[in-house]
Asks: 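Encoded as C-alpha cells, here's the structure I'll be asking about.
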Amino acid sequence: MGKRILFISHDASRTGAPIILLRMLRWLHANRKASFDVLLRNGGELHDEFAALGDVFDASQPLPHGQDLVAVLGQRDYGLVYSNTVTNGELLQRLTPLDCPVITHIHELEYWIRWETPPAVVEGTRRYSDRFIVVSETVKNNLVENFGVPADRIDVIYGFIPVAEVRRHQHEEAKQMVCRRLGISPSARLVGGCGTSDWRKGPDLMVQAAAAVRRRGFRDPVHFLWIGGESSGPHWGKLIHDAARAGVAENVHFLGVQKDPFPLFASLDIFLLTSREDPFPLVMLENAAVGNPMVCFSGSGGASEFVGDDCGLVVPYLDIEGMAGGVCHLLADDGLRRRMGARAAEKVRAFHDVDVGTTKILEVIERFLPPGSVSDEISEKPIASPPAVPAVEATWERPLSAPEPTAISPPVPERNTIRLETAEFPGMNRPARRLIAFFLPQYHPIPENNHWWGKGFTEWRNVTKARPLFAGHYQPHLPADLGFYDLRVPEVRQAQADLARQYGLDGFCYYHYWFGGRRLLERPFQEVLESGRPDFPFCLCWANENWTRNWDGGHHEALMPQHYSPEDDRRHIEWLLQAFSDPRYIRIGGRPLMLIYRAKHLPNVRQTTEIWREAAAQRGLPGLYLCRIESFTDERDDPAQHGFDAALAFQPDWLQLGQPLNSTSPRKKWFCRSGLGRPGPEGPTVYEYASVVQRMLAKPDVPYRRFPCVMPSWDNTPRRGRDGLVIRNCTPDLYEYWLTEVLRRPAAGAPEENIVFINAWNEWAEGNHLEPDARFGRGYLEATRRALQATRIVCTASDGVRHAAA
C-alpha cells in the first residue's frame, strides 16, 4: 500500500501560493488516486475548499482533547512532506519525527526571504528540505548565490494557470465598456497593471511611467489602469497624490479588487509589469492568455524569462524612461503589438497550462515515494466544482481572481535588456533563413517492394491501415489537398513544389538510396532531374542504412544490404555529380550540399569524403559541402574530424526525448488511465510534444557548425504498430512556437549557411508531414509561414541588438 502525502500551506488565504496549491491538489484529485492531507499554519477563507479534497489540520487551532499535532500526524503513515513556501522552516523542524523526505516549493525572491522572513525560519527550510522546486531560473539563482542551496537539489518548474478557464472577451467590446465607465475617449489607449499596494508590485512606478509617457506626447490619449488592491486608503492616497503632482491624475485609474478581471485584461492594449520583485507573476500568464503584449523590468524576477524577445519588451531595472519608450513603441506599431500578443497567448497554451505544470511537479514528488503511492486511477472522493462565474458583462464589484497554475516553461536565458531612448526602433532586414524539408520518394510501386511486401505496395498501405491504439491517439493521418498521390505523376510533383513555395519553403532534401551502384525508389527524383521540373531547389541525403524488415517491427532480415568500398565511392560520386550540376541544386558558397544519414556506418568515412571532394574538384566544382546527420549515440562529435563541413541535429533526437509517459517503472504516470493499456509490448512508447519541444530548445550549443531541425509531429505506429513511438498532442501552434524560436536564434557562419531543416514534408507512415491532412488541413504550412513572417526584422537599441518580430 502507498504512503500518504502531507501538503503544508502557510495559510488558506485567497492569495498566490495557497491558490496555486489548491489548484494543484484539485488536479491531483481529478487525475490521480493518492492519499493526502493538508496542514495549514493558519486558517483562511479557502479552508473549506481544501477540506473538499482531503483532511485538513490547522496548526493555529488546538486539537480536541489536548492532542499533540505531531503525534496525530505521526499516525498517518506519510511518505513525503510537501511544503509550499519558504516560510515553513520552523514547522518543518517540528515535523522531523515524521521521518520522511521534504520537498519545498519556493515562490519567494531575495527581498522577501532576506527581509520579511526570520533567518531561523529560512535556515529551517534550507536545512530540513531534501529537494526544492522553484518557479523561475531567477529564484533558483537566488537560492544558489545568496542562500547556499546546491543547484543540483533544485528543479525549475515555471508557473502555470488553467488555460481552459481563462475567460475570453473581444478586445474592442471590452475596451469600449471600460472607456464608457471611466468616462474617457473611446480612442484612448489602455495600459494595465495589476497587484496589491505592496511596494514590490510597484504601483507607484506605474504612476511614474504614466508621467513619462505623457512627457513624450503620444498622439492618442493613454490611460493607465491598476487592477487589484484597495481603491482607497492611505497607500492609494499617496499614489493619487503623486499622480496629481505629476499631472496625470486624469490618466491613472485605481480600480480595486475584481472578482473577474478578464474583461479588464481584454480591454488592455499593453500589460505593464512594474514589479520590483516578482518570482514569476501568474497575472502575467493570465494577460498573456488573452493576448496582451508586455513591458517589464529585467532583474525583477521571472517575468523577463517569459517575455523574452517575442512577447513584449524587457527594459533595464527601474528604467522608467525605457519603460515609457517601450509602451510608446508598442502603441505606435499595431502590427508588432498584435504579433507579440499572439505569441504570448501561444506560449501560455504550449508551456504554462495546469496539466503540464502539475505533471512536472508529480514527476519530482514520485522520486521520493514508494511505488503505488500515486496511481493512475481516478480518486473516488467527489469534489464540488468551484462556483462558475456567469458569462455576462463584467461588473467591477467582483474580487480579483488569483492566477492559476499552467504549463511548464522551458528555461529561457534572460535576453540583453533594451534601453529605449526614443520611441523608435529602427529596423533592418535580417539575412533570410532557408527552410529545407526532407522528402520521401516512396509513394509509387517498385519491383522490390512488390516482392517484399506484396504487389502494388506503397507507403499508403501502412497509412490507411493505421488505427488509434489508445484514447485520443490521432490515427490514421489521411492526406487532404494532394490525396493519395503517385509520385510517378509529374503534376503531383509540381503541386507539391507549388505548395511548398507558397508557404515559404526553399527546397526539398530528397532521400537517396544507393546500394553498391543499385538505386531504389529513384524514379521520382530521376524524372525531376531529367525533366527540369518542377523548378524548385533540392539537395540529396544518402540514406545509407541496410534495408531490413526492422522498420515495420519485424526482425532484422536484410532485404538490401550496403556494400562499401573505394571503388563504390568513385561510382557513387560520378552519379552524384550529375545531380550536383543541376542549376536547381542547393549550394553553400557555390558548393553542392550533400547529406549522409549514417556516416559512422562507412568503414573509412574520411577516405570516402576525400574521394568525393577530389572528384568534385576534378569536375571543376569549388568543393562539396558535406553534412553528417546527427541522430544516434555515436554521431555527436565534431564532424570535421571525419571530413564533414557541418552536422544536422535531426529530429526526433532519440537521446533527448526524456522519460516516456508510459514508463515501465512503477511510476508510469497516466498511461492506464488514458486507455493506453499496460506499458511494454502491448502499447507504443508515448511522449508529450510540448515536453519534447522544451527539451530540444534547451539543448546546449556545440562548438561546431550544426544546422537546426524541427518536426511537425511523430507517430510511426502505421509501420510498427504497438511497438511504435508516439509523440502525442502535436499541433500547428506548438510546431510554430518551436520553429519560431529556432528561427529567432542567431545563426553562425556565412549567410548561405543560415538553414533550418524540417523533418519532414511527407513521411506519412511516421505521422510526420507538412502536407495537408484531414485533421489540420494546411495548419502546419500556415504555421510555417507565420513563423517566417514573425522573424524577418532585427530591432536595434542603444545598448545592443535585439531580434524581434516586426
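The figures that follow rest on heavy atoms only: side chains count, while hydrogens, waters and symmetry mates do not. Sequential numbering from 1 along the given sequence is applied to the chain's residues. The shown structure was predicted, so the numbers you read here are calculated from the model rather than taken from an experiment.
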Asks: Under 3.5 Å, side chain of R584 to main-chain N/O of P534, donor-acceptor pair present?
Replies: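 Judged by distance alone, yes, a pair lies under 3.5 Å.
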
Asks: I would like to know whether L725 and I727 meet side chain to side chain contact (heavy atoms under 4.5 Å, CB included); could you show each step before the answer?
Replies: CA-CA 7 Å; L725 187 148; I727 301 179; 3.9 Å; yes

Asks: For H223, check ring-ring contact (aromatic ring centres under 6.0 Å, His included) against everything at least two apart and list the hits.
Replies: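 Only H253 meet the ring-ring contact (aromatic ring centres under 6.0 Å, His included) criterion with H223.
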
Asks: What distance do R778 atom CZ and L770 atom CG have between them, rounded to the nearest 0.5 Å?
Replies: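 Here the interatomic distance stands at 12.5 Å.
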
Asks: Working to the nearest 0.5 angstrom, can you tell me the gap between C328 SG and M323 CE?
Replies: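 C328 SG to M323 CE: 12.5 Å, rounded to 0.5 Å.
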
Asks: Can you give me the closest heavy-atom contact between G308 and V314, atom names plus distance?
Replies: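 For G308 and V314, the tightest heavy-atom pair comes out as O-CG2, 3.6 Å.
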
Asks: Looking only at non-hydrogen atoms, find the nearest pair between S185 and C179 and report the distance.
Replies: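 It is O-SG, 3.6 Å.
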
Asks: For F650, what residues pass the ring-ring contact (aromatic ring centres under 6.0 Å, His included) criterion, not counting sequence neighbours?
Replies: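 Scan of F650 (ring-ring contact (aromatic ring centres under 6.0 Å, His included), adjacent residues dropped) gives F438, Y597.
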
Asks: Backbone N or O of F297 within a donor-acceptor pair of the S300 side chain at under 3.5 Å?
Replies: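 Yes; judged by distance alone, with no hydrogens or angles, the pair exists.
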
Asks: Using atom types as modelled and distance alone, determine if a side-chain donor or acceptor of R728 lies under 3.5 Å from a backbone N or O of V686.
Replies: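 Checking the backbone N and O of V686 against the side chain of R728, no donor-acceptor pair under 3.5 Å is found.
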
Asks: Among side-chain atoms of Y511 and Q442, is any donor-acceptor pair under 3.5 angstrom?
Replies: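 Y511 vs Q442: no donor-acceptor pair found between side chains.
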
Asks: Can you measure from CZ (R219) to CZ (R189) and round to the nearest 0.5 angstrom?
Replies: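 Taking CZ in R219 and CZ in R189, the distance rounds to 5.5 Å.
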
Asks: Which value, rounded to the nearest 0.5 Å, describes the distance between L595 atom CG and I629 atom CD1?
Replies: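 Those atoms lie 4.5 Å apart.
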
Asks: Tell me, do V163 and V348 make a side-chain contact under 4.5 Å, heavy atoms counted?
Replies: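 A side-chain contact exists here, since the closest heavy-atom pair is under 4.5 Å.
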
Asks: Between the side chains of Y158 and Q694, does any donor sit under 3.5 Å from an acceptor?
Replies: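 Q694 and Y158 do not have a side-chain donor-acceptor pair below 3.5 Å.
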
Asks: Going by ring pair (Phe, Tyr, Trp, His ring centres under 6.0 Å), W761 matches just one of Y510, Y503, F508. Which one?
Replies: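 For W761, the ring pair (Phe, Tyr, Trp, His ring centres under 6.0 Å) check succeeds only for F508.
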
Asks: Any chance you could lay out the side-chain hydrogen bond (donor to acceptor under 3.5 Å, both in side chains) test for Y780 and S713, step after step, and finish with the verdict?
Replies: CA-CA 10 Å; Y780 284 103; S713 53; 4.6 Å; no

Asks: Under 3.5 Å, is there a donor-acceptor pair between the Y737 and R343 side chains?
Replies: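 On atom types as modelled, these side chains do not qualify, holding no pair under 3.5 Å.
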
Asks: Among R705, R628, R591, exactly one meets salt bridge (charged side-chain N to carboxylate O under 4.0 Å, His left out) together with D645. Which residue is that?
Replies: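 With D645 as partner, R705, R628, R591 yield a single salt bridge (charged side-chain N to carboxylate O under 4.0 Å, His left out), made by R591.
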
Asks: I need the full list of salt bridge (charged side-chain N to carboxylate O under 4.0 Å, His left out) pairs touching residues 262-272, with sequence neighbours left out, sorted by first then second residue.
Replies: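 Checked against salt bridge (charged side-chain N to carboxylate O under 4.0 Å, His left out) - neighbours excluded - the pairs reaching residues 262-272 are K175-D269.
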
Asks: Test your reading of the model: is there a side-chain donor-acceptor pair from D506 to the backbone of L435, 3.5 Å cut-off?
Replies: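 Side chain of D506 to backbone of L435, a donor-acceptor pair under 3.5 Å: yes, one is there.
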
Asks: Is D653 salt-bridged to R695, cutoff N-O under 4.0 Å?
Replies: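 Looking at R695 together with D653, the answer is no, because their closest N to O distance does not fall below 4.0 Å.
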
Asks: Any heavy-atom pair between the side chains of P652 and M711 that's under 4.5 Å?
Replies: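 A side-chain contact exists here, since the closest heavy-atom pair is under 4.5 Å.
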
Asks: Out of curiosity, C194 SG to L264 CG, how far, rounded to the nearest 0.5 Å?
Replies: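 Separation between the atoms: 9.0 Å.
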
Asks: Under a 4.5 Å cut-off applied to non-hydrogen side-chain atoms, are E305 and T138 in contact?
Replies: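 Yes, their side chains come closer than 4.5 Å.
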
Asks: Mark yes when over 12 heavy atoms from residues, nucleotides or ligands other than D701 sit less than 6.0 Å from its CG; otherwise mark no.
Replies: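 Atom CG in D701 is not crowded, with 12 or fewer foreign heavy atoms closer than 6.0 Å.
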
Asks: Holding to ring-ring contact (aromatic ring centres under 6.0 Å, His included), I want the full list of residues that pass it with F218, two or more places apart in sequence or in another chain.
Replies: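 Scan of F218 (ring-ring contact (aromatic ring centres under 6.0 Å, His included), adjacent residues dropped) gives none.
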
Asks: So does F306 get a backbone contact from the side chain of K347, meaning a donor-acceptor N/O pair under 3.5 Å?
Replies: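 Looks like yes, one N/O pair under 3.5 Å.
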
Asks: Grab the two heavy atoms, one from A344 and one from N292, that are nearest each other, plus how far apart they are.
Replies: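 Between these two residues, the closest heavy atoms are CB-O, 4.1 Å.
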
Asks: Treating D220 as the side-chain partner and A188 as the backbone partner, does any N or O pair qualify as donor plus acceptor under 3.5 Å?
Replies: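 No; judged by distance alone, with no hydrogens or angles, the pair does not exist.
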
Asks: Checking the side chain of Q651 only, and the main-chain atoms of V710 only, is there a donor and an acceptor separated by less than 3.5 Å?
Replies: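 No, the answer is negative, given that no donor and acceptor are paired below the 3.5 Å cut-off.
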
Asks: Between N768 and H477, is any side-chain donor less than 3.5 angstrom from a side-chain acceptor?
Replies: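 The answer is no; no qualifying pair exists.
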
Asks: Evaluate the criterion side chain to side chain contact (heavy atoms under 4.5 Å, CB included) for residue pair L743 and L788; output intermediate values, then yes/no.
Replies: CA-CA 8 Å; L743 290 172; L788 288 167; 4.0 Å; yes

Asks: Does F538 have any ring-ring contact (aromatic ring centres under 6.0 Å, His included) partners at least two apart in sequence or in another chain, and if so, which?
Replies: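 Listed in chain order: F525, Y585.
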
Asks: Check whether any side-chain N or O of R745 sits under 3.5 Å from a backbone N or O of L697 as a donor-acceptor pair, and report yes or no.
Replies: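 It does hold such a pair.
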
Asks: Using the side chain to side chain contact (heavy atoms under 4.5 Å, CB included) rule, take M696 and W738 through it: C-alpha gap first, then chi angles, then the decisive distance, then the call.
Replies: CA-CA 9 Å; M696 296 307 107; W738 187 2; 3.6 Å; yes

Asks: Any side-chain donor paired with an acceptor under 3.5 Å for D773 and Y474?
Replies: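 Side chains of D773 and Y474: pair found under 3.5 Å.
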
Asks: So which heavy atom on E321 is nearest to which on A212, and how close?
Replies: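 Nearest heavy atoms, E321 then A212: OE2-CB, 3.7 Å.
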
Asks: Between Y485 and E771, do the side chains contain an N or O donor and an N or O acceptor separated by less than 3.5 Å?
Replies: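 Indeed, the side chains of Y485 and E771 share at least one donor-acceptor pair under 3.5 Å.
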
Asks: Are the side chain of N287 and the backbone N or O of V283 linked by a donor-acceptor pair below 3.5 Å?
Replies: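 Judged by distance alone, yes, a pair lies under 3.5 Å.
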
Asks: Considering only heavy atoms from C-beta outward, does the side chain of L478 approach that of F484 to under 4.5 Å?
Replies: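 In contact.
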
Asks: Can you tell me if Q170 has over 12 outside heavy atoms packed within less than 6.0 Å of its CD?
Replies: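 Counting other residues, nucleotides and ligands, CD of Q170 stays at 12 neighbours or fewer.
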
Asks: Is S267 close to E172 at the side-chain level, that is, under 4.5 Å between some pair of heavy atoms?
Replies: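 Result no, sub-4.5 Å side-chain heavy-atom pair not found.
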
Asks: Would you confirm whether the ring centroid of W714 sits within less than 6.0 angstrom of the ring centroid of W764?
Replies: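 No, the ring centres sit 6.0 Å or more apart.
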
Asks: Under 4.5 Å between any side-chain heavy atoms of S187 and P221, yes or no?
Replies: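 Heavy-atom side-chain distance check passes, below 4.5 Å.
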
Asks: Does anything in residues 754-769 form a salt bridge (charged side-chain N to carboxylate O under 4.0 Å, His left out)? List the pairs, not counting sequence neighbours.
Replies: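 Output for this query lists R719-E763, R719-E766.
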
Asks: Is there a side-chain contact between L272 and F224 in this structure, where contact means two heavy atoms from C-beta onward sitting under 4.5 Å apart?
Replies: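 Heavy-atom side-chain distance check passes, below 4.5 Å.
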
Asks: Search all heavy atoms of V178 against all heavy atoms of L225 and return the closest pair with its distance.
Replies: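 So the minimum-distance heavy-atom pair works out to CG1-CD2, 3.8 Å.
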
Asks: Taking all non-hydrogen atoms of both residues into account, name the closest pair between S298 and P316 and its distance.
Replies: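 S298 and P316 have their closest heavy atoms at OG-CA, 3.6 Å.
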
Asks: Just verifying a value: how many Å separate F280 CZ and I157 CD1, rounded to the nearest 0.5 Å?
Replies: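 Answer for the CZ-CD1 pair, F280 versus I157, is 12.5 Å.
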
Asks: Distance-only, no hydrogens or angles: does the R587 side chain make a donor-acceptor pair with backbone N or O of L593 under 3.5 Å?
Replies: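 Flag not set: sc R587 to bb L593 has no pair under 3.5 Å.
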
Asks: Is any side-chain heavy atom of F536 closer than 4.5 Å to one of Q496?
Replies: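 Of all side-chain heavy-atom pairs linking F536 with Q496, none is under 4.5 Å.
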
Asks: Show your reasoning for whether side chain to side chain contact (heavy atoms under 4.5 Å, CB included) applies to V166 and R349.
Replies: CA-CA 11 Å; V166 170; R349 289 196 302 269; over 6 Å; no

